[in-house]
Amino acid sequence: MKRYLKSVAALLLLLNVCIQVSGRTFSDTTEVLVVNKEDMVPDGARKVGKIKVTDGGFKIECGYEQTLEQAKAQTIKAGGNIIKIRELKSPDAFTSCYRLLGEAYYHPDIPGVIAGRIKAFDSIMSVLLPDTATYALLYVYRPDMGASPPYNVLLDDSVICRMRNSSRYLIKVNKTGPAKISARTESRNVVSINIQPGKAYFVKCSILPGGLMGRPQLSIIDDYKGFQEFNSVKDKPKPEKVDAVY
């Protein structure tokens, strides 16, 4: 009997990366679809709970990305694979943290839902970037980061846009080959890309704590996720489209 109990305990340890909820087993790496406030939950999804991420009083890791990851973890724990964002509050004078309210949903075919959305994304991009395109598209965006300073973004030595909270730019680029995208406040941040005609590149702009005014953070985001995040940014004022940079 003792040997049997030890075997069961060992098996449970091997399975400790999974969460059992409402009769379904989810891995802690389960893919979670994020549905923005303005978008509809996919047909066939069933609500399984509510999601709430607060500042918690003394939280340190509570930026935009960390808040989404916490919301995804709560969604998995609730037995869901979709999170519908109802409210996403930016840092303000009272807290340096993002706060999120939402709902968790379960869909029996989330890979199929995501595949369908990627197919729709590919169709959109084929219109914006046909096979005959001699240019690339650069999507530059910045979510609302609360009380944080704006900064210029440069493509090599040319200023292509000035990023403020809740701003986005779609830029047509004729230049090809290796290029550097950079921004500077009290320090400089640089990312490298290899620009090819007919390709889209997504650059997410944020800001990290600094000694005086914060440090710029630039990130290259994969196409599908970048397109979602770009469209979730609500401009103040409306987005600007810049023609050829070179």
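Note that the structure is a prediction, hence the values are computed from the model and not measured.
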[X] side chain to [Y] main-chain N or O, any donor-acceptor pair under 3.5 Å?
{"X": "K84", "Y": "V34", "value": "no"}
{"X": "N231", "Y": "F227", "value": "yes"}
{"X": "D222", "Y": "K225", "value": "yes"}
{"X": "H107", "Y": "D43", "value": "yes"}
{"X": "S158", "Y": "L154", "value": "no"}
{"X": "K72", "Y": "T67", "value": "no"}
{"X": "E103", "Y": "K47", "value": "no"}
{"X": "T185", "Y": "G214", "value": "yes"}
{"X": "Y201", "Y": "Q196", "value": "yes"}
{"X": "R142", "Y": "M163", "value": "yes"}

State plainly whether one hydrophobic cluster holds both [X] and [Y], where clusters connect Ile, Leu, Val, Met, Phe, Trp and Tyr through side-chain heavy atoms under 4.5 angstrom apart.
{"X": "L170", "Y": "V127", "value": "no"}
{"X": "L128", "Y": "I118", "value": "yes"}
{"X": "M40", "Y": "I82", "value": "no"}

*Using the ring of F230 (Phe, Tyr or Trp, six-membered ring only), decide whether R168 places NZ or CZ under 6.0 Å from its centre and within 45 degrees of its axis.*
yes
Would you compute the distance between atom [atom1] of [X] and atom [atom2] of [Y] and round it to the nearest 0.5 angstrom?
{"X": "I110", "Y": "Y105", "atom1": "CD1", "atom2": "OH", "result": "13.0 Å"}
{"X": "T54", "Y": "Q70", "atom1": "OG1", "atom2": "CD", "result": "8.5 Å"}
{"X": "S182", "Y": "R188", "atom1": "OG", "atom2": "CZ", "result": "4.0 Å"}
{"X": "L101", "Y": "K37", "atom1": "CG", "atom2": "NZ", "result": "10.0 Å"}
{"X": "K50", "Y": "T75", "atom1": "NZ", "atom2": "OG1", "result": "14.0 Å"}
{"X": "I220", "Y": "I193", "atom1": "CD1", "atom2": "CD1", "result": "5.5 Å"}

If you compare all heavy atoms of [X] against all heavy atoms of [Y], which two are closest, and at what distance to 0.1 Å?
{"X": "C205", "Y": "L218", "answer": "SG-CD2, 3.7 Å"}
{"X": "A200", "Y": "Y139", "answer": "CB-CE1, 4.1 Å"}
{"X": "A183", "Y": "P216", "answer": "O-CG, 3.5 Å"}
{"X": "V113", "Y": "P42", "answer": "CG1-CG, 3.7 Å"}

With a 4.5 Å heavy-atom cut-off, do [X] and [Y] have their side chains touching?
{"X": "D109", "Y": "P111", "result": "yes"}
{"X": "P143", "Y": "K204", "result": "yes"}
{"X": "L68", "Y": "I83", "result": "no"}
{"X": "I114", "Y": "E31", "result": "yes"}

*Check whether more than 12 heavy atoms from other residues, nucleotides or ligands sit under 6.0 Å from atom CG of N194, and answer yes or no.*
yes
_Between R215 and N189, do the side chains contain a donor N or O and an acceptor N or O under 3.5 Å apart?_
no
*Just jot down the side-chain hydrogen bond (donor to acceptor under 3.5 Å, both in side chains) partners of K89, sequence neighbours excluded, or say none.*
none
*Evaluate the criterion salt bridge (Lys or Arg N to Asp or Glu O under 4.0 Å) for residue pair D156 and K175; output intermediate values, then yes/no.*
CA-CA 10 Å; D156 289 333; K175 172 186 171 67; 3.2 Å; yes
*Hey, can you tell me if F202 and F121 have their rings parallel, tilted or perpendicular (30° and 60° cut-offs)?*
tilted
*Residue among I195, V203, V140 satisfying side-chain contact (heavy atoms from CB on, under 4.5 Å) with L155*: I195
*Verify side chain to side chain contact (heavy atoms under 4.5 Å, CB included) between Y98 and L88, making sure each step is shown before the conclusion.*
CA-CA 7 Å; Y98 279 84; L88 181 60; 4.2 Å; yes
